[in-house]
Amino acid sequence: MSAERTFSIIKPDAVAAGQAGQILAMIQEAGFKILAMRMTRLTEAQAREFYGVHSARPFFGGLVKFMTEGPIVVMALERENAIKGLREVMGATNPANAAEGTVRKRFAADIERNCIHGSDAPETAGQELRFFFSGADLL
Ligand code: CMP
C-alpha cells in the first residue's frame with residue numbers, strides 16, 4: 001500500500017477553545033505524518049470559495065460566518081488510506097452521531113461548530129491541499 005495525502009482544518013471553535021494541541025495529538029497517534037501546517041484566518045471570500053460546493057445550502061451563510069470568526073490551523077497529512085482514516089479520527093459530521101473517542105464526539109458542539117474538517121475524496125483532497133499550500137510546502 002502506498003501513502004495517501006489528505007487535507008484538514010482545525011476550525012475556529014476548537015482553536016479558540018485551546019483544543020488544537022489535543023486534536024493534533026489524536027491525529028498523530030492515528031499514524032499521520034504532518035507534511036505542512038500553519039495557523040491562518042480565512043477571509044469571507046476564501047471561506048465562500050473553499051465551501052463553494054455548499055453555496056446553495058441553507059447553512060452556507062452560517063458556515064462562512066463561523067469559519068471566518070477566528071484563527072484556524074490548516075494541515076497537509078500523509079498516511080496509508082489517509083482520507084478514510086482521517087474521517088474515522090474525526091467522527092460523523094454531526095457530533096450527536098459521532099463514535100466514542102473521535103474528535104467530534106470529544107470536542108464538537110453541533111453539526112456546524114464541529115471542530116475539524118477533512119477532505120472527503122482524492123479529488124477534493126488535491127484541490128483543498130492546493131488551496132492552502134504550494135508545491136514546495138508539500139515536497
Ligand atoms: P465540513 O466537514 O467542514 O464540511 C462542510 C461543513 O458544513 C461541515 O463540516 C459543517 O461545519 C457544516 N455543516 C454541514 N451540514 C450542516 C448543517 N446541516 N447545518 C449546519 N452546518 C452544517
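Heavy-atom basis, side chains included; hydrogens, waters and symmetry copies ignored. Note that ligands are numbered from 1 as they come in the structure, with each ligand's atoms numbered from 1 the same way.
Minimum heavy-atom separation, L77 to S8: CD1-CB, 3.9 Å. Shown here for Q22 and R106, the closest heavy-atom pair between the two residues is OE1-NH2, 3.6 Å. The minimum heavy-atom distance linking L86 with G118 is given by the pair CD2-CA, 3.9 Å.
Remark: R57 is not positioned above the aromatic ring of Y51, lacking an NZ or CZ atom under 6.0 angstrom from the ring centre and at most 45 degrees off the axis.
Of all protein heavy atoms, the one closest to atom 20 (C) of ligand 1 is F59 CB, 3.4 Å. Looking only at protein heavy atoms, the nearest one to atom 9 (O) of ligand 1 is K11 NZ, 2.9 Å.
Near H117, with a cut-off below 4.0 Å to any heavy atom, the atoms of ligand 1 are 1 (P), 2 (O), 3 (O). The distance from ligand 1 to the heavy atoms of R104 drops below 4.0 Å at these ligand atoms: 2 (O).
Side chains of E44 and T68: no donor on one and acceptor on the other come within 3.5 Å.
For Y51, the closest heavy-atom approach to ligand 1 falls below 4.0 Å.
L42 and F66 fall within a single hydrophobic cluster, where Ile, Leu, Val, Met, Phe, Trp and Tyr are joined by side-chain heavy atoms under 4.5 Å apart, directly or via other members.
Remark: ligand 1 and R113 share no N or O pair separated by less than 3.5 Å (distance only, no angle test).
Here I111 has heavy atoms under 4.0 Å from ligand 1 in both its backbone and its side chain.
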